[in-house]
Amino acid sequence: MNRTERLYAIVEELRAAGPRGRTADWLAGHFEVASRTIKRDVSALQQGGTPIWATGGPGGGYALDATIALPPLTFTAGEAAAIAAALGASAEGPFAPDARSALTKVLGAMTAEGRAEATDLAERIWVRPAKDVRSSQVRAVEEALRDRLVVVLDYVDASGHHSEKRPVEPMAFAQLGGRWYLLAWCRRRRAGRWFRLDRITGAWPTREPFELRDLVAVFGEPPEDAYPVVSG
């Protein structure tokens with residue numbers, strides 16, 4: 001059993017144990033690893049957002065918070081593999097680390113049999129993502145868009161012209177021709193502007209909130225073949 005499989009199995013075991021939970025020593029014996037390995041695994045799961053509670057002292061251990069944990073999901077192997085393939089193909093897209101964390105939670109909430117089948121199928125899907133533009137700048141822009149905060153950009157346009165300390169109001173992300181763009185209201189130009197993510201050389205969120213403008217009013221109707229990644 002590799003570490004990824006063990007992480008899923010720990011979540012499944014804690015779900016089966018219910019509120020009584022399991023001790024680190026019990027889990028270590030069950031998975032035939034050291035207790036410190038279990039502690040590192042649980043810490044990684046907690047950092048990824050899995051709702052695991054730890055209690056100290058005699059009889060202490062780990063328990064899964066059933067009030068906010070997902071029950072076993074009924075995704076088919078194909079559906080789960082499709083999610084994994086989509087994430088792998090867009091590793092440079094917005095909120096990619098969050099998406100990978102979400103995938104871990106989805107797989108962890110599936111039944112052991114379903115997860116094994118989905119993992120086997122996903123291993124037979126190979127992707128070669130475009131140039132990775134993950135950077136601290138991209139993460140800063142993501143956080144500013146999520147929290148509706150003005151972000152200050154350094155940017156290099158297609159002609160090589162540099163602009164510095166450009167305050168913008170992030171409104172949306174868009175993918176065109178295999179490239180990711182930030183759609184934002186530029187306070188310097190007083191108009192909507194497209195910023196290619198891999199041309200942003202610096203990004204610093206401020207603490208200044210802004211009222212979100214109407215996306216269509218600023219940028220017009222999207223092309224007929226464009227669509228949001230989730231629609232109601």
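The structure displayed is predicted, hence computed values, not measured ones. Note that the numbering runs from 1 along the sequence shown for the chain.
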Peer 1: From R20 CZ over to L14 CG, what is the distance, rounded to the nearest 0.5 angstrom?
Peer 2: 10.5 Å

Peer 1: Determine the minimum heavy-atom distance between Y62 and K39, stating which atoms define it.
Peer 2: OH-CG, 3.4 Å

Peer 1: Would you please name every residue forming a side-chain contact (heavy atoms from CB on, under 4.5 Å) with R207, sequence neighbours left out?
Peer 2: none

Peer 1: Using ring pair (Phe, Tyr, Trp, His ring centres under 6.0 Å) as the criterion, list what pairs up with Y8, not counting sequence neighbours.
Peer 2: none

Peer 1: Yes or no on side chain to side chain contact (heavy atoms under 4.5 Å, CB included) for V151 and E169, after CA distance, side-chain angles and deciding distance?
Peer 2: CA-CA 7 Å; V151 62; E169 300 171 9; over 6 Å; no

Peer 1: Shared ILVMFWY cluster between W180 and L215, side chains joined below 4.5 angstrom?
Peer 2: no

Peer 1: So, for V216 and E221, which heavy atoms are closest and what is the spacing to 0.1 Å?
Peer 2: CG1-OE2, 3.7 Å

Peer 1: Go through the structure and list residues passing ring pair (Phe, Tyr, Trp, His ring centres under 6.0 Å) with W26, not counting sequence neighbours.
Peer 2: H30

Peer 1: Step through the shown structure and confirm whether more than 12 heavy atoms of other residues, nucleotides or ligands are within 6.0 Å of CD on E117.
Peer 2: no

Peer 1: Return the set of residues passing salt bridge (Lys or Arg N to Asp or Glu O under 4.0 Å) with D25 (not counting sequence neighbours), or none when no residue passes.
Peer 2: none

Peer 1: For residues 148-161, which residue pairs pass the salt bridge (charged side-chain N to carboxylate O under 4.0 Å, His left out) check, not counting sequence neighbours?
Peer 2: D154-K165

Peer 1: Which ILVMFWY residues are connected to W204, directly or by a chain of links, through side-chain heavy atoms under 4.5 Å apart?
Peer 2: V152

Peer 1: Do the non-hydrogen side-chain atoms of V156 and H161 ever get within less than 4.5 Å of each other?
Peer 2: no

Peer 1: Given the rule that I, L, V, M, F, W and Y join up when any side-chain heavy atoms are under 4.5 Å apart, are V218 and L212 in one cluster?
Peer 2: yes

Peer 1: For A174 versus L183, what's the shortest heavy-atom pair and its separation?
Peer 2: CB-CD1, 3.6 Å

Peer 1: Quick one: does V138's side chain get under 4.5 Å of I200's, heavy atoms only?
Peer 2: no

Peer 1: Quick one: pull up CH2 in W194 and CZ in R199 and give me the separation to the nearest 0.5 Å.
Peer 2: 13.5 Å

Peer 1: Within the side chain of T206, is there an N or O that forms a donor-acceptor pair under 3.5 Å with the backbone of V150?
Peer 2: yes

Peer 1: Would F173 and L182 count as a side chain to side chain contact (heavy atoms under 4.5 Å, CB included) if you check the C-alpha gap in whole Å, the side-chain angles of each, and the deciding distance to 0.1 Å?
Peer 2: CA-CA 5 Å; F173 289 110; L182 169 69; 4.1 Å; yes

Peer 1: Does Q175 reach the side chain of R179, with side-chain heavy atoms less than 4.5 Å apart?
Peer 2: no

Peer 1: F210: which residues meet the ring pair (Phe, Tyr, Trp, His ring centres under 6.0 Å) condition with it, sequence neighbours left out?
Peer 2: none

Peer 1: Do V168 and W185 come within less than 4.5 Å of each other through their side chains, counting heavy atoms only?
Peer 2: no

Peer 1: Return each pair, listed once, that meets salt bridge (charged side-chain N to carboxylate O under 4.0 Å, His left out) where at least one residue sits in residues 41-52; pairs must be two or more places apart or across chains.
Peer 2: R3-D41, R6-D41

Peer 1: Can you name the closest pair of heavy atoms from A140 and A203 and give their distance?
Peer 2: CB-O, 3.7 Å

Peer 1: Looking at R187, I'd like to know if its CZ atom is crowded, meaning that more than 12 non-hydrogen atoms belonging to other residues, nucleotides or ligands lie closer than 6.0 Å.
Peer 2: yes

Peer 1: Just how far is it from atom CG of L45 to atom CD1 of I10, taken to the nearest 0.5 Å?
Peer 2: 6.0 Å

Peer 1: Would you please name every residue forming a salt bridge (Lys or Arg N to Asp or Glu O under 4.0 Å) with E13, sequence neighbours left out?
Peer 2: R22

Peer 1: Which pair of heavy atoms, one from A34 and one from A28, lies closest together, and at what distance?
Peer 2: C-CB, 3.9 Å

Peer 1: Provide the closest heavy-atom pair for L64 versus T50 in the form atom of the first, atom of the second, distance.
Peer 2: CD1-CG2, 3.9 Å

Peer 1: Report yes if some heavy atom in the side chain of H162 is under 4.5 Å from a heavy atom in the side chain of Y155; otherwise report no.
Peer 2: no

Peer 1: Is it true that L145 and L153 fall in one hydrophobic cluster, defined by side-chain heavy atoms closer than 4.5 Å?
Peer 2: yes

Peer 1: Mind checking salt bridge (Lys or Arg N to Asp or Glu O under 4.0 Å) for R146 and listing every partner two or more places apart, or none if nothing turns up?
Peer 2: none

Peer 1: Only counting residues at least two apart or in another chain, list the ones meeting ring pair (Phe, Tyr, Trp, His ring centres under 6.0 Å) with F31.
Peer 2: none

Peer 1: Which residues pass the side-chain hydrogen bond (donor to acceptor under 3.5 Å, both in side chains) test with S163, sequence neighbours left out?
Peer 2: R166

